[in-house]
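Worksheet: one structure, shown below.
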2 protein chains.
Amino acid sequence: MTTGSSPSGTDSPTAPSESRRARRHDATRAEILDAAWQIVRRDGLTGLSLRDLAAQVGMRAPSLYSYFGSKHEIYDAMFRQGYQQMLLGSPELPEDTTEETLVAFAHEAALRFFDFCVAEPARHQLLFLRTIPGFEPSPESYRVAVEAYDRTVGGLRRFPQVSDADLDLWTAALTGMVSQQLANDPGGTRWRDQVPRVVEMLLAETLGTSQP
Amino acid sequence: MTTGSSPSGTDSPTAPSESRRARRHDATRAEILDAAWQIVRRDGLTGLSLRDLAAQVGMRAPSLYSYFGSKHEIYDAMFRQGYQQMLLGSPELPEDTTEETLVAFAHEAALRFFDFCVAEPARHQLLFLRTIPGFEPSPESYRVAVEAYDRTVGGLRRFPQVSDADLDLWTAALTGMVSQQLANDPGGTRWRDQVPRVVEMLLAETLGTSQP
DNA sequence: GTCTATAGAATGATAGAC
DNA sequence: GTCTATCATTCTATAGAC
């Protein structure tokens, strides 16, 4: 349900990039990942066990190894999926780069990022806090993470005044707001309400307080 | 070594608030906690096991139950110890509340807090991120946490302009800097170098950009 | 207080039949 | 591909001898 891909009704027989078997395999993989998200949503990120996961999709635990080589591979697929969702949720970069449109974009991107993080605490933990003992994302998954980051801060890069150090300030301030919201007022808006203010503050700081 | 209390050479026989047995008991407790810090420093917060911990102090695991009722009680004692260390590390509140001294205090307090967090990632995880599945601090420990927080932001409360919402901004920005430093440049100073800048930015935001 | 022994329950992962 | 059976660990916690 959550991330299930809706397959098109007809498949093109002239372009079978995947065999029926392979397609079925991928579908089951997707189903397993959806079930995994459900479980971490309920039991927390570290509460995921292969037995529970298999039961959720009507399997026994060893059968999962036909689809993933290890538990960490499942986490890795979730990691990649999470950043792909972040990519989908980020707003389009504006064509014109007037200060006005860029400022509006910054507000939009910041609030969307905030909501994206807060919507799924387990995903936030997986993507941004390194909380699973042995886990490190694979190079492919890391590539997606970098792509999502670049896209999210892409609007700010359009400002010629904004340096890399400035971007560090942006990410720190916004992720800090997210963490406080999740830790100290989960489900509320105590920090979310201040996001526009933070964006204004950061714009003033990184663009210079007044344009000449 | 790390947090070991250095007992005074002579004990006062007229004020035996603790019997020798009780003192020895407390000393062993402290020794266990020191060993626990060593282990989480090396293996991460969740890497702490009672077997390892007991071995570190030359015991077997069940013997620990003479000193702590459960593993969570050990975490709780570490939690309390961590916030006590934070209290000790926070600078003294200035007597006079001129703007100048308060600004200096804000800089001092922010940088000390940052260094305190970054110095021990496992401690940071225990105190600020809720990462251990079932753990919640006891009321007594939580009291220490609140006390440390109040003391850390106490200097800012001296400014009459600073509201509770402003304090939320301060904590979010500073903890965000810490998290980014730990996650993306551990051992470095990429975010630390910008702490003074963040303090200035927050002062300008929460005090008003210019005083009349 | 400390030990041995062990309960009791999880876990991730593998072997091999079907 | 899926299953049963099981390995091999790890863990917290308890019982009871000394």
Side-chain angles (χ1 to χ4, degrees), chain A residues 18-36 38-40 42-79 122 126 131-138, chain B residues 18-36 38-40 42-79 122 126 131-138:
Chain A
E18 289 187 300
S19 68
R20 270 207 305 279
R21 167 173 285 135
R23 245 182 303 127
R24 170 65 186 260
H25 188 88
D26 286 357
T28 306
R29 252 183 83 104
E31 196 185 338
I32 290 168
L33 288 177
D34 283 354
Q38 278 187 32
I39 289 173
V40 301
R42 195 191 56 206
D43 300 340
L45 189 61
T46 59
L48 181 68
S49 82
L50 297 188
R51 275 171 172 73
D52 286 353
L53 177 54
Q56 187 91 359
V57 296
M59 281 180 180
R60 304 302 186 121
S63 304
L64 295 174
Y65 286 87
S66 297
Y67 300 95
F68 297 94
S70 69
K71 193 186 183 183
H72 275 17
E73 264 190 33
I74 297 178
Y75 277 130
D76 190 64
M78 296 172 77
F79 180 92
L126 175 62
T131 189
I132 295 174
F135 173 68
E136 272 197 83
S138 63
Chain B
E18 291 187 301
S19 68
R20 271 207 305 280
R21 169 174 283 134
R23 245 182 301 128
R24 170 65 185 260
H25 188 88
D26 286 357
T28 306
R29 251 181 84 104
E31 197 184 339
I32 291 168
L33 288 178
D34 283 355
Q38 279 186 33
I39 290 173
V40 300
R42 195 190 57 207
D43 300 339
L45 189 60
T46 59
L48 181 67
S49 82
L50 297 187
R51 273 171 170 70
D52 287 353
L53 177 55
Q56 188 91 359
V57 295
M59 282 179 179
R60 303 303 185 119
S63 304
L64 295 174
Y65 286 86
S66 297
Y67 300 94
F68 297 94
S70 69
K71 192 185 184 184
H72 275 15
E73 263 190 33
I74 298 178
Y75 278 129
D76 191 64
M78 295 172 78
F79 181 91
L126 175 63
T131 188
I132 295 173
F135 172 69
E136 272 196 84
S138 63

d(CZ, A:R51; P, C:dT14) in whole Å: 14 Å
Which part of the nucleic acid does B:R21 contact within heavy-atom distance under 4.0 Å: base, sugar-phosphate only, or nothing? sugar-phosphate
Looking for any heavy atom pair under 4.0 Å, which part of the strands does A:L48 touch: base, sugar-phosphate only, or nothing? sugar-phosphate
Please find the earliest and latest nucleotides of DNA chain D, in the 5' to 3' direction, that have an atom within less than 4.0 Å of any heavy atom of chain B. D:dC11 to D:dT14
For A:R24, look at atom CZ and say whether over 12 heavy atoms of other residues, nucleotides or ligands are found less than 6.0 Å away. no
Side-chain contact, heavy-atom cut-off 4.5 Å: [X] with [Y]?
X	Y	value
A:M78	A:V40	yes
B:L53	B:I32	yes
B:I132	B:L45	yes
A:M59	A:T28	yes
B:I74	B:F79	no

For A:P133 versus B:T46, what's the shortest heavy-atom pair and its separation? CG-OG1, 3.8 Å
Can you sort out which residues in residues 62-78 of chain B have a heavy atom within less than 4.0 Å of DNA chain D? Ascending by number, please. B:P62, B:Y65, B:S70, B:K71
Using the closest heavy atom to pick a nucleotide of DNA chain C for each, name whichever of B:T28 or A:D52 lands nearer the 5' end. B:T28
side-chain hydrogen bond (donor to acceptor under 3.5 Å, both in side chains) partners of residues 61-79 of chain A, not counting sequence neighbours, each pair once: A:D76-A:R80, A:D76-A:S138, A:D76-A:S141
